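Just below is one structure, and these are the notes that go with it.
For clarity, every value in this text was computed on a predicted model and none was experimentally measured.
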Amino acid sequence: MADEEAYRQWRESAKAVKAIAADDSLALWEKARKVNQAYAGLALEGLQSKHRHKVLAAFGKVNSVFAKYTINSFDDYQQMSDGDLREIVATVRALVPPKAK
């Protein structure tokens, strides 16, 4: 059963990601780091199965990008290619929750 709190968290995370992606004061590597952090703590078990799979698939895609690198600290994001950083930001930004009812 879906949990309204989980969907509220998802909407807040998506809103934060949109703001991060639009923030021109942040370097691309900082955006990639921050968009991932925006989803920390999202209660996946509270989402409907189809939505949980959507979130997990997106982060699976992000993890496949990270697999090319050794990330030991936030500074390591600076070593990633701009294309990979853009892919991370775009993938996480595309995680738009369903409209609230």
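- Shown here for Leu95 and Tyr39, the closest heavy-atom pair between the two residues is O-OH, 3.0 Å.
- In terms of heavy-atom proximity, Ala6 sits nearest to Leu47 at CB-CD2, 3.9 Å.
- Residue Val65 is grouped with residue Leu56 when hydrophobic side chains (ILVMFWY) are merged at heavy-atom distances under 4.5 angstrom, including chains of intermediate members.
- Side-chain contact check for Trp10 versus Val55: some heavy-atom pair is nearer than 4.5 Å.
- Looking at heavy atoms from C-beta onward, Pro98 lies in side-chain contact with His51 at the 4.5 angstrom threshold.
- Looking at residues two or more places apart in sequence or on another chain, you find no salt bridge (charged side-chain N to carboxylate O under 4.0 Å, His left out) involving Glu30.
- With sequence neighbours excluded, no residue satisfies salt bridge (charged side-chain N to carboxylate O under 4.0 Å, His left out) with Lys50.
- Checked by atom type and distance alone, the side chain of Ser13 pairs as donor or acceptor with a backbone atom of Ala38 at under 3.5 Å.
- Using a 4.5 Å heavy-atom threshold, the side chains of Val89 and Thr91 count as separate.
- The distance from the CZ atom of Arg86 to the NZ atom of Lys31 is 10.0 Å, given to the nearest 0.5 Å.
- To the nearest 0.5 Å, atoms CG (Leu44) and CG (Asp3) are separated by 11.5 Å.
- In this structure the side chain of Gln48 reaches within 4.5 angstrom of the side chain of Tyr7, judged on heavy atoms.
- For residues 33-43, no residue pair satisfies the salt bridge (Lys or Arg N to Asp or Glu O under 4.0 Å) rule, not counting sequence neighbours.
- Between the side chain of Glu87 and the backbone N or O of Val62 there is no donor-acceptor pair closer than 3.5 Å.
- Hydrophobic clustering places Tyr69 together with Leu85 (ILVMFWY residues linked when any side-chain heavy atoms are closer than 4.5 Å, directly or through intermediates).
- Residues Met80 and Ile88 have side chains in contact (heavy-atom distance under 4.5 Å, counting atoms from C-beta outward).
- Residue pairs meeting the salt bridge (Lys or Arg N to Asp or Glu O under 4.0 Å) criterion with at least one partner in residues 57-77, sequence neighbours excluded, are Lys68-Asp84.
- Counting only residues at least two apart or on different chains, the ring pair (Phe, Tyr, Trp, His ring centres under 6.0 Å) pairs with a member in residues 77-96 are Phe66-Tyr77.
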Show your working on side chain to side chain contact (heavy atoms under 4.5 Å, CB included) between Phe59 and Ser64 and close with a plain yes or no. CA-CA 8 Å; Phe59 281 101; Ser64 71; over 6 Å; no
Please tabulate, for the side chains in residues 15-26, all donor-acceptor contacts under 3.5 angstrom to protein atoms that are two or more places apart in sequence or on a different chain.
residue, atom, partner, partner atom, Å
Asp23, OD1, Ser25, N, 2.9
Asp23, OD1, Ser25, OG, 2.5
Asp23, OD2, Ser25, OG, 3.4

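- The two residues Arg52 and Glu45 have their closest heavy-atom pair at NH1-O, 3.8 Å.
- Atom-to-atom distance recorded for Gln78:CD and Leu28:CG is 11.0 Å, nearest 0.5 angstrom.
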